[in-house]
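Comments concern the structure below.
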Amino acid sequence: MSKCKKENARFRKESDKEMINLVDNLNQDDDMRFNRRAFLKTAVGASVALGVSTVPFGVRAMMGLEDEDYERVEITKLSDLPKGESMTFKYPDDDDAILVHTVNGDLVAYNSACTHLSCPVFYQKEDDVLLCPCHSGYFDVKNGHPIEGPPQRELPLIEIKVENDTVYAVGRKYRHG
Amino acid sequence: MGKKAYWIIIFTTLILNVVMLQLTTRAYLGREFEIVPIYSGVAFVSAIVTIITFLQWRKAEYGDKKSSS
Ligand code: FES
C-alpha cells in the first residue's frame with residue numbers, strides 16, 4: 001500500500017513536471033507572435049498604412065500643383081545645332097533637358113531624366129532614338145514615348161519655339177501624345 | 001457575417017490598397033492631377049472599410065471566446 005502511494009506520488013511529481021514543461025513552452029513568444037490572429041492584424045495594419053499613404057498625394061494634387069507657369073528661356077541658336085545633333089540644357093529651373101535636331105530635321109526637346117530611375121537619356125543618331133544606358137530603355141525621339149526596356153511613361157515634353165534662328169523653351173507637358 | 005467573410009474583406013481591401021498606391025503614385029508622377037484624388041479616395045475608403053471589418057472581426061473572435069469560456 002505504501003509502495004503504491006509512493007509510486008503515485010512519484011507519478012504525480014513527474015506529470016507535474018511535464019505540465020510545467022508544457023506551460024514553460026520555449027516557443028511561447030513565437031506562438032504568440034506568429035499565429036492566425038496576429039497574421040490578420042498585420043494584414044489590417046498593412047492595408048490601413050497603404051491606404052493612408054496615398055492621402056498626401058491626393059491632397060497635394062488637389063492643392064493645384066498643375067497650374068505651373070513656365071517662363072520663356074533661350075536655349076541656343078538653331079544654326080549651332082546641325083541635324084543629327086543634340087544638346088543639353090536646363091528647363092524649367094534646374095531640371096535637365098535635351099534638345100534634339102533629328103536626322104529628319106525635326107526639332108524636339110524633352111526633360112532628359114529617364115522615367116524609369118532618372119538616368120539621363122541620350123540621342124543616338126544612328127538609330128534615331130533616345131537611349132537610356134542604365135537599363136537599356138529606349139524612347140521614340142518623335143514623341144518621347146517609351147518603346148523598349150523598363151520605362152513605362154513618356155518623357156516630359158518641352159514645348160519649343162523658333163524665332164529668328166533662336167530656339168526658346170516655352171513650356172512643359174507631362175502627359176502628351 | 002461569418003468570420004471567413006471578414007478575412008476575405010480584409011485581404012480584398014489589402015490587395016485593392018496595394019493597387020491603388022501603385023496607381024496613385026503613377027498618376028502623381030505623370031502629373032495627372034485630376035485622377036490622383038480619385039485613386040487616393042478609393043484607397044482611403046478601403047482603409048476605413050478595413051478598420052471597420054477588423055473591429056467586427058475582433059468582436060466576433062474575442063466575443064465568442066469570452067462567452068464560451
Ligand atoms: S533608368 Fe532609364 S532604363 Fe532604368
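The chains referred to below are lettered A, B, ... by the order of the sequence lines, with proteins before strands, and numbering in each begins at 1. Keep in mind the model is a prediction, meaning the values are calculated, not measured.
Neither the backbone nor the side chain of Ile15(B) comes within less than 4.5 Å of any heavy atom of chain A. With a 4.5 angstrom heavy-atom cutoff, Thr13(B) touches chain A via backbone and side-chain atoms both.
Arg60(A) forms no cation-pi arrangement with Phe33(B), by the criterion of a distance under 6.0 Å to the ring centre and an angle within 45° of the ring axis.
Sorted by first and then second residue, the ring-ring contact (aromatic ring centres under 6.0 Å, His included) pairs with a member in residues 146-169 of chain A form an empty list; sequence neighbours excluded.
Linking Ile, Leu, Val, Met, Phe, Trp and Tyr whenever their side-chain heavy atoms come within less than 4.5 Å leaves Ile8(B) and Tyr6(B) in two separate clusters. No path of Ile, Leu, Val, Met, Phe, Trp and Tyr side chains, each step under 4.5 Å between heavy atoms, connects Val42(B) with Leu21(B), placing them in separate hydrophobic clusters. By the rule that hydrophobic residues join a cluster once side-chain heavy atoms approach within less than 4.5 Å of another member, Val52(A) and Val18(B) end up as members of one cluster. No continuous path of hydrophobic side-chain contacts links Ile98(A) to Ile75(A) [ILVMFWY only; heavy atoms under 4.5 Å]. Following chains of ILVMFWY side-chain contacts shorter than 4.5 Å, one can reach Val55(A) starting from Ile48(B), so the two form part of one hydrophobic cluster.
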*Could you please spell out the steps behind the side-chain contact (heavy atoms from CB on, under 4.5 Å) verdict for Arg58(B) and Arg37(A)?*
CA-CA 9 Å; Arg58(B) 202 171 60 166; Arg37(A) 289 170 172 170; over 6 Å; no
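The interface of residues 40-51 of chain A with chain B, defined by heavy-atom distances below 4.5 Å, comprises Leu40(A), Lys41(A), Ala43(A), Val44(A), Ala46(A), Ser47(A), Val48(A), Leu50(A), Gly51(A). For residues 152-166 of chain A, heavy-atom neighbours of chain B at less than 4.5 Å comprise Gln152(A), Arg153(A), sorted by residue number.
Of all non-hydrogen atoms in Ser40(B) and Gly58(A), the two that sit nearest each other are OG-CA, 3.6 Å.
Between the CG atom in Leu29(B) and the OG1 atom in Thr115(A) there is a gap of 10.0 Å [rounded to 0.5 Å].
Aromatic ring orientation, Tyr28(B) versus Phe57(A): perpendicular (interplanar angle above 60°, classes split at 30° and 60°).
Heavy atoms from other residues, nucleotides or ligands lying under 6.0 Å from CD of Glu74(A) number more than 12.
Annotation: maximal heavy-atom pairing with chain A below 4.5 Å, among Phe54(B), Phe11(B), Phe44(B), Trp7(B), occurs at Trp7(B).
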Cut-off 3.5 Å, no hydrogens considered: what does the side-chain donor-acceptor table look like for residues 134-143 of chain A, sequence neighbours left out?
residue: His135(A); atom: ND1; partner: His116(A); partner atom: ND1; Å: 3.1
residue: Asp140(A); atom: OD1; partner: Lys142(A); partner atom: N; Å: 2.9
residue: Asn143(A); atom: OD1; partner: His145(A); partner atom: N; Å: 3.0

